[in-house]
Structure formats: C-alpha cells, structure tokens
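Report on one structure; see the data block that follows.
Worth saying up front: this structure is predicted, and the values here are computed from it rather than measured.
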Amino acid sequence: MNRDPLAVWLADVVRTAGYAGADEFVREHDLRPYRLRQLYHAAVKEFQDDPSAVSTLPKALRATLARRGLRLSSVEPVALQRSGDGQTTKGLFRLHDGNAIESVLMEHLGNRTTVCISSQAGCAFACQFCATGQGGFSRNLRGVEIFDQARFFAAQLAQRGRRVTNVVFMGMGEPFHNYEAVMGAVALLNDPHGFGLGHRHITISTVGLVDNIDAFTREAVQVNLAISLHAPTDELRSRLMPVNRRYPLQALMQACERYVKATRRKIFFEYVMLAGVNDDDSCAKALAKLMRGPLYHINLIPYNATPDGPFAATPDARIWKFAAILDEAGVPVTVRQNMGRDITAACGQLQAETQPKTHRVASAAH
Ligand code: SAH
C-alpha cells in the first residue's frame with residue numbers, strides 16, 4: 001500500500017468529491033505536481049477547507065475546483081460542545097454520505113493538548129460496557145476522514161496560538177479493524193512536510209486483534225500501542241469483550257511479547273474499572289501475574305456509565321486499592337484522569353446520535 005502522505009490525502013479527498021481517483025483528477029484539471037503540493041499545503045498547514053480560498057492557485061482553477069464540489073475537508077462539524085471547565089470539547093462531524101462521528105479535544109494544564117479520534121463510524125466489536133460498541137457498526141472511515149478530525153481541532157487551536165501535541169485512536173471504532181486507513185492517517189499526521197506530529201505523540205488503542213498487532217509490530221514505527229484488556233481471565237474477558245473468543249488472552253499476550261521483543265517499546269494496557277465485575281483483589285492479583293513483561297504499563301480507567309447499561313463505576317477508594325495491589329507486585333500503574341464527563345465526551349461515551357440506522361457485523365465479533 002502506498003502511504004505517501006500526499007498520495008493518501010489526494011486519493012481520499014478527490015474520491016469524496018466524486019472523482020474516480022487521483023489520476024482522473026490530475027488529468028481533468030491538467031495539474032502539475034507543484035499544484036498538488038499547494039493544495040495539500042493549504043489543507044494540512046493552513047487548515048483551509050475551501051479550494052476557492054487557496055491564494056496560491058490561479059483564479060480560474062480555484063473556480064473550477066469549487067464548481068466540481070472539491071472540498072479540502074472530509075468532515076463537517078455539525079455540533080461542538082464544551083465542558084463546564086472549558087478543558088474538553090466534543091465535536092460531532094458529518095461525513096459526505098451522512099454518517100456521523102465524534103471526536104474530542106482535551107486541553108490539559110500546560111501546553112499539552114490531546115485529540116481523541118474515531119477510526120470507524122460505529123464499531124463491530126460489541127464490548128458490553130461501551131456506548132459505541134452497543135450501537136453497532138456502520139462503516140470504515142477513509143484515512144483522510146480520520147486525519148481531518150485532528151486537522152479540525154488543530155485549526156481551532158491555531159486561532160489561539162496553540163497546536164495539537166498528541167493524538168489518540170480512542171474514539172469510535174476499532175483502529176486495527178480498519179488497518180490500512182489508520183496507517184494512512186498516521187502517515188498524514190506524521191508528515192514532516194505537512195501536519196508534522198511525531199510518531200511518539202500518537203497512540204493506537206486496540207481490542208486486541210492479534211494478526212494486526214503482528215502487522216503493526218512489523219511496521220517498526222514509533223507509534224505507541226495500547227491494548228484494551230479489561231479482564232485478567234478468559235471467562236470474564238469473553239463475557240465483557242466478545243473478541244476474546246477469537247483471540248483469547250494467551251494469544252493476545254504472546255503477540256504483546258513479540259511486539260516488545262521486536263520494538264523494545266512499552267505497551268499500555270487499559271483496564272476499565274467495573275464495580276463488582278473486574279475490580280476485586282483477586283482480579284488485581286491475576287492481572288499482576290499477566291503483566292510479567294518488563295515494558296508493560298497498566299492504565300486504570302474510571303468507568304463512564306452508558307445509558308441503560310448494566311454496569312456501574314468502581315468507587316475511587318477501590319480503584320486506589322486495586323492500583324496498590326498492582327504497585328506492590330511491581331507493575332507500573334496509573335489511574336486515568338477523567339475529562340469531559342458532563343458533555344458525555346469521556347472514554348467510551350462517544351455515540352453519534354444522529355447516525356443513520358446501523359447494523360452489526362457479527363463475524364467480526366466471534
Ligand atoms: N476500539 C479501541 C479504541 C476505542 S475505545 C479499543 O477498544 O481499544 C478507547 C478505550 O475506552 C478502550 O480501552 C475502551 O475499552 C474504553 N472504554 C469503552 N467504553 C468505556 C466507558 N464507558 N468508560 C470508560 N472507558 C471505556
């Protein structure tokens with residue numbers, strides 16, 4: 001697959017406007033490579049959405065591109081919600097075909113900002129505690145639709161003299177179920193001649209698709225890997241995450257070992273704390289046993305209740321007790337700070353309510 005950032009960007013952007021592909025686009029408008037670079041630059045460095053505003057292009061070309069319906073943005077913001085403390089902004093975006101996705105900007109103290117982006121409209125994996133998972137799968141996003149969520153918030157931040165410093169693939173969808181588009185988006189985020197975000201500032205989070213963890217291991221990129229673990233035994237994990245029936249813990253942990261061995265990079269394991277389900281001392285001890293690898297780090301996530309769901313959040317005191325057991329066993333552990341709860345923009349709460357009717361892809365959840 002070609003992951004040249006300009007090529008990824010151009011192919012996706014022109015298809016969205018109804019061209020058959022980049023070749024047809026280039027031929028129809030008789031474009032030289034430097035014109036394509038000007039367009040790309042306008043989108044990813046100047047955050048322009050409309051080709052008629054790209055001042056480096058000749059007037060006639062601008063008018064033609066606008067008439068042909070070319071947009072430099074593939075996601076259209078339809079609603080923005082800001083949390084009470086102003087630190088979290090949730091965006092609801094519409095895609096060209098009417099599907100909707102959400103992403104979240106977090107402005108931490110200091111200069112750090114994180115954008116949490118979606119890789120699919122909906123999700124096929126049906127994790128029992130996750131709002132997106134309960135809504136079913138709609139479709140894969142294209143690389144540029146993934147990238148444009150970060151670009152949108154970068155444009156907002158630029159108006160205040162700030163920039164995006166971190167991107168996490170922890171919005172809607174399963175990134176490794178849309179592998180090529182996600183890696184295309186990573187290329188766009190990382191492009192030193194474009195958006196320019198370092199690999200180490202990007203984190204991909206997966207339910208644990210072993211084949212693509214292996215593919216990712218072979219990429220040898222410096223992008224961070226996070227694994228949604230959530231349970232230390234197959235019995236419990238299969239109940240919470242149907243994907244565990246296809247890729248049980250042993251297979252998953254072996255893939256993690258291969259990753260660490262090949263890359264010498266840390267893995268973050270996410271563990272959402274569900275009251276009375278996975279949060280007792282015996283779970284903590286079993287989890288500590290699984291975390292024998294030297295570069296394993298546990299991130300405990302306070303649960304954000306989903307509407308009508310059967311789960312409740314573990315009380316803080318229990319989370320800290322659980323963390324203490326891991327700590328005593330020598331496992332590096334942190335408790336995730338919660339942001340954006342008041343606007344349902346916290347982990348696992350993203351669900352585009354205006355989304356057209358979705359269907360579930362059962363095969364992906366075996
Ligand atoms: N599909 C990917 C990325 C999406 S979710 C994955 O599963 O890793 C990002 C993280 O939020 C995952 O660890 C997910 O399990 C967790 N999560 C889902 N629902 C949640 C909720 N209601 N409260 C807290 N975390 C949740």
Side-chain angles (χ1 to χ4, degrees), residues 1-78 91-101 103 117-122 137-155 172-173 175 177-191 193-196 352 355-356:
M1 275 303 251
N2 183 358
R3 298 216 190 113
D4 170 63
L6 201 164
V8 169
W9 180 82
L10 191 67
D12 284 357
V13 159
V14 302
R15 272 200 203 105
T16 306
Y19 295 88
D23 291 348
E24 183 193 88
F25 176 74
V26 166
R27 235 180 296 119
E28 181 175 327
H29 303 293
D30 192 21
L31 298 170
R32 299 284 163 271
Y34 76 95
R35 288 282 177 229
L36 301 177
R37 283 197 296 274
Q38 285 172 330
L39 267 177
Y40 176 69
H41 189 274
V44 306
K45 298 281 276 190
E46 294 167 7
F47 310 129
Q48 308 259 24
D49 294 337
D50 181 357
S52 45
V54 180
S55 54
T56 46
L57 301 179
K59 271 220 170 85
L61 178 60
R62 283 191 242 168
T64 312
L65 295 179
R67 194 165 2 94
R68 272 297 250 116
L70 185 81
R71 297 281 303 158
L72 304 183
S73 173
S74 60
V75 302
E76 194 194 329
V78 287
L92 170 69
F93 301 93
R94 199 181 316 284
L95 309 176
H96 72 96
D97 62 354
N99 270 291
I101 51 166
S103 28
I117 57 178
S118 296
S119 55
Q120 299 179 313
F137 179 70
S138 190
R139 75 160 165 92
N140 275 332
L141 302 189
R142 293 184 197 274
V144 81
E145 290 170 330
I146 301 170
F147 166 72
D148 273 344
Q149 300 164 56
R151 195 183 71 96
F152 172 82
F153 284 116
M172 300 165 74
H177 188 217
N178 186 17
Y179 189 85
E180 269 310 317
V182 163
M183 294 315 289
V186 167
L188 283 169
L189 290 168
N190 183 241
D191 183 9
H193 305 293
F195 197 78
Q355 201 165 288

Open item on the list: Could you tell me if the side chain of Ser103 sits less than 4.5 Å from the side chain of Phe152, heavy atoms only?
Closed with: no
TODO: Evaluate the side-chain contact (heavy atoms from CB on, under 4.5 Å) criterion for residues Asn178 and Ile146: first the C-alpha distance (whole Å), next the side-chain angles of each, then the deciding distance (0.1 Å), finally the verdict.
DONE: CA-CA 11 Å; Asn178 186 17; Ile146 301 170; 4.0 Å; yes
Open item on the list: My understanding is that only residues two or more places apart in sequence, or in another chain, count here; which of them pass side-chain hydrogen bond (donor to acceptor under 3.5 Å, both in side chains) with Arg32?
Closed with: Asp30
Open item on the list: Please find the pair of heavy atoms, one from Ala121 and one from Ala100, that lie closest to each other, and give the distance.
Closed with: CB-O, 4.2 Å
Task: Ala17 to Gly69 - nearest heavy-atom pair and separation - done: CB-O, 3.7 Å
Task: Residue pair Leu188 / Val8, side-chain heavy-atom distance below 4.5 Å - done: yes
Open item on the list: Between Ile117 and Phe153, is there a side-chain heavy-atom distance shorter than 4.5 Å?
Closed with: no
Open item on the list: The criterion is side-chain hydrogen bond (donor to acceptor under 3.5 Å, both in side chains); which residues satisfy it with Thr56, sequence neighbours excluded?
Closed with: none
Open item on the list: Less than 4.5 Å apart, side chain to side chain, heavy atoms only: is that true for Leu39 and Val13?
Closed with: no
Open item on the list: So, taking the atom named OG1 in Thr64 and the one named NZ in Lys59, what distance separates them when rounded to the nearest 0.5 Å?
Closed with: 13.5 Å
Open item on the list: How close do Gly173 and Ser119 get, counting heavy atoms only, and between which atoms?
Closed with: C-OG, 3.7 Å
Task: Chi angles and distances behind the side-chain contact (heavy atoms from CB on, under 4.5 Å) call for Leu36, Leu10 - done: CA-CA 8 Å; Leu36 301 177; Leu10 191 67; 3.9 Å; yes
Open item on the list: Using the ring-ring contact (aromatic ring centres under 6.0 Å, His included) criterion, which residues pair with Phe147? Sequence neighbours excluded.
Closed with: Phe195
Open item on the list: Tell me if a side-chain donor or acceptor on Gln149 pairs with a main-chain N or O of Ser118 at a distance below 3.5 Å.
Closed with: yes
Open item on the list: So that I can tick it off, tell me whether Glu145 and Arg139 are bridged by a salt bridge, with the cut-off set at under 4.0 angstrom between side-chain N and carboxylate O.
Closed with: yes
- [ ] Apply side-chain contact (heavy atoms from CB on, under 4.5 Å) to the pair His41 and His193, showing each step before the final yes or no.
- [x] CA-CA 8 Å; His41 189 274; His193 305 293; over 6 Å; no
- [ ] Examine distances only and state if a side-chain atom of Arg62 and a backbone atom of Val54 form a donor-acceptor pair shorter than 3.5 Å.
- [x] yes
Open item on the list: Run the side-chain hydrogen bond (donor to acceptor under 3.5 Å, both in side chains) test against Glu28 and tell me which residues pass, sequence neighbours left out.
Closed with: Arg68
Under 3.5 Å, which donor-acceptor pairs link side chains of residues 70-77 to any protein atom two or more places apart or in another chain?
residue: Ser73; atom: OG; partner: Val75; partner atom: N; Å: 3.4
residue: Ser73; atom: OG; partner: Val75; partner atom: O; Å: 2.9
residue: Ser73; atom: OG; partner: Arg151; partner atom: NH2; Å: 3.4
residue: Ser74; atom: OG; partner: Val144; partner atom: O; Å: 3.4
residue: Ser74; atom: OG; partner: Asp148; partner atom: OD2; Å: 2.7

- [ ] Tell me, please, which residues at least two apart from Gln120 pass side-chain hydrogen bond (donor to acceptor under 3.5 Å, both in side chains).
- [x] Asn140, His177
- [ ] List in chain and number order the residues that pass side-chain contact (heavy atoms from CB on, under 4.5 Å) with Ala7, two or more places apart in sequence or in another chain; answer none if no residue qualifies.
- [x] Asn2, Asp4
Open item on the list: For a quick test of reading the model, state the closest non-hydrogen atom pair linking Pro51 to Leu65 and the distance between them.
Closed with: CB-CB, 4.0 Å
TODO: Can you tell me which residue pairs pass the side chain to side chain donor-acceptor pair (under 3.5 Å) test with a partner in residues 8-23, sequence neighbours excluded?
DONE: Tyr19-His29
TODO: Show your working on side-chain contact (heavy atoms from CB on, under 4.5 Å) between Val78 and Phe93 and close with a plain yes or no.
DONE: CA-CA 5 Å; Val78 287; Phe93 301 93; 6.0 Å; no
Task: Nearest-0.5 Å distance that lies between atom CG in Leu141 and atom CG in Leu95 - done: 6.0 Å
TODO: Mind jotting down which residue pairs meet the salt bridge (Lys or Arg N to Asp or Glu O under 4.0 Å) criterion with at least one end in residues 35-46? Sequence neighbours excluded, please.
DONE: none
- [ ] Check whether the side chains of Asn99 and Ser138 place a donor and an acceptor atom closer than 3.5 Å, and report yes or no.
- [x] yes
